[in-house]
Amino acid sequence: QVQLVESGGGLVRTGGSLRLACAASGSLFGINYFAWYRQAPGKQREWVAQITSGGLTEYADFAKSRFIISRGNANTVYLQMNSLKPEDTAVYYCMVQDPQIYWGQGTQVTVSS
């Protein structure tokens, strides 16, 4: 069983920053990549960014130049979010492919105007 635990969400004003963290534990075989997704109220879950085991990163257009995904140790990933906007308000989910896909429980990010 694999568990993902996210942390770092909270309430921040427009223009502020937050750093999300995700730690994976359990019966991991070998993480191919981590990804962050988000889901705003009434909207579908959308992809934010991903990072491979080799460190290659990709970002959704809205995340480019504002968000940075990075790895800590082999089982930890971060999402540094800068210049936050009210439209970034959502529950942010961590996902790992190991090679099965696992999801965290999500962490709430609220950006006030």
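Values in this document were obtained by computation on a predicted structure and should not be read as measured data. All residue numbers in this chain count up from 1 along the given sequence.
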Side chain to side chain contact (heavy atoms under 4.5 Å, CB included) between Gln80 and Ser17, worked out | CA-CA 7 Å; Gln80 176 69 40; Ser17 298; 3.9 Å; yes
Would you find a donor on one side and an acceptor on the other, under 3.5 Å apart, between the side chain of Gln39 and the backbone of Tyr92?
-> no
Flag the pair Leu79 / Ile68 as yes when at least one side-chain heavy-atom distance between them is below 4.5 Å, and no otherwise.
-> no
Under a 4.5 Å side-chain heavy-atom rule over Ile, Leu, Val, Met, Phe, Trp and Tyr, are Leu20 and Met95 clustered together?
-> no
Rounded to the nearest 0.5 Å, what separation is found between the CG atom of Asn75 and the CG atom of Leu28?
-> 5.0 Å
Does Val96 reach the side chain of Leu4, with side-chain heavy atoms less than 4.5 Å apart?
-> yes
Can you list the steps and then say if Ser53 with Ile31 is a side chain to side chain contact (heavy atoms under 4.5 Å, CB included)?
-> CA-CA 7 Å; Ser53 58; Ile31 294 174; 5.8 Å; no
Without swapping roles, check the side chain of Arg13 against the backbone of Ser112 for a donor-acceptor pair under 3.5 Å.
-> no
Any sub-3.5 Å donor-acceptor pair from Glu6's side-chain atoms to Cys94's backbone N or O?
-> yes
Nearest atoms (heavy-atom pairs only) where Ile69 meets Trp36 | CD1-CD1, 3.6 Å
Is it true that Asp88 and Lys85 have a side-chain N and a carboxylate O under 4.0 angstrom from each other?
-> no
Cation-pi, Tyr78 ring and Arg19 (6.0 angstrom, 45 degrees) = yes
Given the rule in the side chain to side chain contact (heavy atoms under 4.5 Å, CB included) test, do Leu18 and Val109 qualify, once you have shown the distances and angles that lead to the verdict?
-> CA-CA 8 Å; Leu18 283 174; Val109 171; 3.8 Å; yes
Would you please indicate yes or no on a ring centroid separation below 6.0 angstrom for Tyr37 and Trp103?
-> yes
CD1-CD distance between Ile51 and Glu58, expressed to the nearest 0.5 angstrom = 11.0 Å
Step by step, would you call Tyr93 with Arg45 a side chain to side chain contact (heavy atoms under 4.5 Å, CB included)?
-> CA-CA 9 Å; Tyr93 296 91; Arg45 190 172 297 189; 3.4 Å; yes
Shared ILVMFWY cluster between Tyr102 and Val77, side chains joined below 4.5 angstrom?
-> yes
Expected output: side-chain Tyr59 to main-chain Ser65 donor-acceptor under 3.5 Å | no
Heavy-atom pair of closest approach, residues Phe34 and Ala74 | CE1-O, 3.8 Å
Will you find, in the side chains of Thr89 and Glu87, an N or O donor that is under 3.5 Å from an N or O acceptor?
-> no
Test item: Asp98 side-chain N/O and Gln100 main-chain N/O as donor-acceptor pair under 3.5 Å = no
For atom CD of Gln3, decide whether the heavy atoms of other residues, nucleotides or ligands shown that lie under 6.0 angstrom number more than 12.
-> no
Are Leu84 and Val91 co-members of a hydrophobic cluster defined by side-chain heavy atoms under 4.5 Å apart?
-> no
Taking atom CZ of Arg38 and atom CZ of Phe62, what is their separation to the nearest 0.5 Å?
-> 3.5 Å
Let me see the working for Thr110 and Gln108 under side chain to side chain donor-acceptor pair (under 3.5 Å), right down to the final yes or no.
-> CA-CA 6 Å; Thr110 303; Gln108 177 69 47; 3.3 Å; yes
